[in-house]
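Below is one structure, written out as structure tokens; the observations come after it.
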Amino acid sequence: MSVAARNTTFTRFLNIASFAGVLAGFTLPAVAVEETPQSIAGGTMVDAAKTMEIMSKGGVVLDNRVAAEYAEKHIKGAINVVYKETHPKVAKVAPEDTFDLGKLPADKSKPMVFYCNGSPCWKGYKAASAAIKAGYKSVYWFRDGLPAWVAAKLPTE
């Protein structure tokens, strides 16, 4: 099942669960979920094959998920630079969000691929956007992230 199909299935599950809860007399808290866009302004959206190609040419792959997720499984060779967001699974960026640009390469032309758990995870997108705003020139966003990497049976650790 594709990442998009899984996300659609999950959204349908939440809708059905909410409706069932209403029928049973209780409600679930509202869960805002937004699909990430199909492009990124100032950067390039890539797939697993292009990510592998960028890595093979010396590009850096950055896992923007929390440390526990990174420790469980990540793209082999990826560096964990967490994007700490106030509003998960939505496009909104808050002043309280944190992302340590100091952990990125000093060379602003070094190719970098940002990823997280695929759409609707926004951490990779938000981190890539922060890098673009900071003046990085070779920013790539792997929208489908770790789920697509694993589905393609590419190396993880």
Evaluate the side-chain contact (heavy atoms from CB on, under 4.5 Å) criterion for residues Met52 and Trp149: first the C-alpha distance (whole Å), next the side-chain angles of each, then the deciding distance (0.1 Å), finally the verdict.
-> CA-CA 10 Å; Met52 188 68 127; Trp149 190 267; 3.8 Å; yes
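The SG atom of Cys116 lies 10.0 Å from the CG atom of Asp144; values are rounded to the nearest 0.5 Å. A distance of 9.0 Å separates CG of Asp47 from NZ of Lys50, quoted to the nearest 0.5 Å.
Linking ILVMFWY residues whenever their side-chain heavy atoms come closer than 4.5 Å, directly or via other members, leaves Ile79 and Val113 in distinct clusters. Put simply, Val139 and Val82 are part of two different groups of oily side chains (I, L, V, M, F, W, Y) that touch within less than 4.5 Å, one to the next.
Looking at heavy atoms from C-beta onward, Leu146 lies in side-chain contact with Ile75 at the 4.5 angstrom threshold.
Under a 4.0 Å N-O distance rule, the pair Arg143/Glu35 qualifies as a salt bridge.
Taking every heavy atom of both residues into account, Ala148 and Phe142 meet most closely at CB-CZ, 4.1 Å. Closest non-hydrogen pair, Gly124 versus Phe114, comes out as O-CB, 3.6 Å.
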Pairs of donor and acceptor atoms involving the side chains of residues 129-138, under 3.5 Å and at least two apart or interchain, shall be tabulated with distances.
residue	atom	partner	partner atom	Å
Ser129	OG	Tyr125	O	3.0
Tyr136	OH	Pro105	O	2.9
Ser138	OG	Ser109	O	3.1

Pairs under 3.5 angstrom only: tabulate donor-acceptor contacts from the side chains of residues 55-67 to other protein residues two or more places apart or in another chain.
residue	atom	partner	partner atom	Å
Ser56	OG	Glu53	O	2.7
Lys57	NZ	Glu53	OE2	3.2
Asp63	OD1	Arg65	N	2.9
Asp63	OD1	Arg65	NE	3.0
Asp63	OD2	Arg65	NE	3.1
Asp63	OD2	Arg65	NH2	2.8
Asp63	OD2	Tyr115	OH	2.7
Asn64	OD1	Tyr115	N	3.4
Asn64	ND2	Val81	O	2.9
Arg65	NH1	Asn117	OD1	3.3
Arg65	NH2	Glu69	O	3.3
Arg65	NH2	Lys73	O	2.5

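Taking the side-chain contact (heavy atoms from CB on, under 4.5 Å) definition, one finds that Thr44 meets it with Val46, Tyr140, sequence neighbours left out. Applying the side-chain contact (heavy atoms from CB on, under 4.5 Å) test to Ala152 and every residue at least two apart in sequence or in another chain returns Leu154. Not a single side chain to side chain donor-acceptor pair (under 3.5 Å) links Thr51 to another residue, sequence neighbours left out. Thr86 pairs by the side chain to side chain donor-acceptor pair (under 3.5 Å) definition with Asp97, not counting sequence neighbours.
Not one N or O on the side chain of Trp141 forms a donor-acceptor pair closer than 3.5 Å with the backbone of Ala127.
Listed by first and then second residue, the ring pair (Phe, Tyr, Trp, His ring centres under 6.0 Å) pairs involving residues 47-91 are Tyr70-His74, Tyr83-Phe99 (not counting sequence neighbours). Sorted by first then second residue, the salt bridge (charged side-chain N to carboxylate O under 4.0 Å, His left out) pairs that include residues 74-88, not counting sequence neighbours, are Glu85-Lys126. Counting only residues at least two apart or on different chains, no salt bridge (charged side-chain N to carboxylate O under 4.0 Å, His left out) pair has a member in residues 104-117.
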